[in-house]
Amino acid sequence: METIRFDDLEGLNALASDEFGEFGEPIEVSQEMINEFADLTGDHQWIHVDVERAKKDMPGGKTIAHGFLTLSLIPMLNHQISHINNVRNGINYGCNKVRFTSPVPAGSRVRARAKLVAAEPMKGGGVRLTNEMTIEIEGQDKPACVAETMSIVYGT
């Protein structure tokens with residue numbers, strides 16, 4: 001699907017509570033991606049990296065992605081959904097709430113759905129955006145992650 005583009009920061013608050021739907025191509029959460037994340041974070045728990053043990057001891061017989069790996073995909077997945085033109089820069093501001101509601105087995109494909117909760121003007125020309133991001137696993141009804149994320153963007 002085509003990325004939704006916004007031309008200015010001022011008009012964003014009028015879109016609060018709008019859900020933008022499912023956009024972009026699903027991405028595969030491969031075992032290689034999981035292993036690289038384990039190396040970067042030092043989290044080598046067997047449920048993530050031990051493929052042979054997972055075949056015997058995990059429901060579904062596969063390793064699962066780290067919850068924080070799933071969360072870290074939000075910027076990439078959100079970029080597929082929408083883009084704000086005329087932005088000088090943006091920063092992550094944090095999360096109000098994050099829930100990992102279903103594991104992401106290695107080899108799964110995920111995509112995101114976004115809902116703009118608020119767009120609040122800030123001093124210095126910035127706008128604080130609050131989004132509800134839902135990461136879905138292809139072929140499953142229950143989402144992998146639901147997160148209320150915050151960012152600040154500054155216009156040009």
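Numbers here simply count residues along the sequence, with the first being 1.
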Same hydrophobic cluster for [X] and [Y], using side-chain heavy-atom links shorter than 4.5 Å among ILVMFWY?
| X | Y | value |
| --- | --- | --- |
| Val98 | Val104 | yes |
| Phe100 | Met76 | yes |
| Val29 | Met58 | no |
| Leu69 | Val110 | yes |
| Leu40 | Leu71 | no |

* Asked: Can you name the residues that form a side-chain contact (heavy atoms from CB on, under 4.5 Å) with Lys97, not counting sequence neighbours?
  -> Arg99
Which pair of non-hydrogen atoms, one from [X] and one from [Y], has the smallest distance, and what is that distance?
| X | Y | answer |
| --- | --- | --- |
| Ala112 | Leu77 | CB-CB, 3.6 Å |
| Pro143 | Val146 | CG-CG2, 4.0 Å |
| His48 | Ile34 | O-CG2, 3.2 Å |
| Gln31 | Ala106 | OE1-CB, 3.4 Å |
| Glu28 | Met33 | O-CE, 3.4 Å |
| Pro26 | Arg111 | CA-CB, 4.2 Å |

So, taking the atom named [atom1] in [X] and the one named [atom2] in [Y], what distance separates them when rounded to the nearest 0.5 Å?
| X | Y | atom1 | atom2 | result |
| --- | --- | --- | --- | --- |
| Met133 | Leu73 | CE | CG | 10.5 Å |
| Ile91 | Ser151 | CD1 | OG | 8.5 Å |
| Thr130 | Leu116 | OG1 | CG | 8.0 Å |
| Arg113 | Asn78 | CZ | CG | 13.5 Å |

* Asked: Do Ile135 and Ile74 touch side chain to side chain, with heavy atoms closer than 4.5 Å?
  ->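 A side-chain contact exists here, since the closest heavy-atom pair is under 4.5 Å.
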* What's the verdict on side chain to side chain contact (heavy atoms under 4.5 Å, CB included) for Glu148 and Asn131, showing C-alpha distance, side-chain angles and the deciding distance? -> CA-CA 6 Å; Glu148 189 173 273; Asn131 286 295; over 6 Å; no
* Asked: Around Asp141, counting heavy atoms of other residues, nucleotides and ligands shown, do more than 12 lie under 6.0 Å from its CG?
  ->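 Result for CG/Asp141: open.
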* So, the side chain of Thr63 versus the backbone of Val51: is there a donor-acceptor pair under 3.5 Å, distance only? ->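 Looks like no, no N/O pair under 3.5 Å.
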* Partner residues of Arg109 under the side chain to side chain donor-acceptor pair (under 3.5 Å) criterion, sequence neighbours left out -> Glu138
* To do: Tell me, with the steps shown, if Cys145 and Thr134 meet side chain to side chain contact (heavy atoms under 4.5 Å, CB included).
  => CA-CA 6 Å; Cys145 178; Thr134 303; over 6 Å; no
* **Pairs satisfying ring-ring contact (aromatic ring centres under 6.0 Å, His included), at least one member in residues 118-140, at least two apart** =>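 ring-ring contact (aromatic ring centres under 6.0 Å, His included) check on residues 118-140 returns no pairs.
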* Determine which pairs satisfy ring-ring contact (aromatic ring centres under 6.0 Å, His included) with at least one residue from residues 27-47, sequence neighbours left out, and list them in order. =>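 The answer is Phe37-His66.
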* Does Tyr93 have any ring pair (Phe, Tyr, Trp, His ring centres under 6.0 Å) partners at least two apart in sequence or in another chain, and if so, which? -> none
* Asked: side chain to side chain contact (heavy atoms under 4.5 Å, CB included) between Leu129 and Thr149: does it pass, once the steps are laid out?
  -> CA-CA 8 Å; Leu129 303 174; Thr149 63; over 6 Å; no
* To do: Name all pairs fulfilling the salt bridge (charged side-chain N to carboxylate O under 4.0 Å, His left out) condition that reach into residues 43-54, sequence neighbours left out, sorted by first residue then second.
  => Glu52-Lys55, Arg53-Asp57
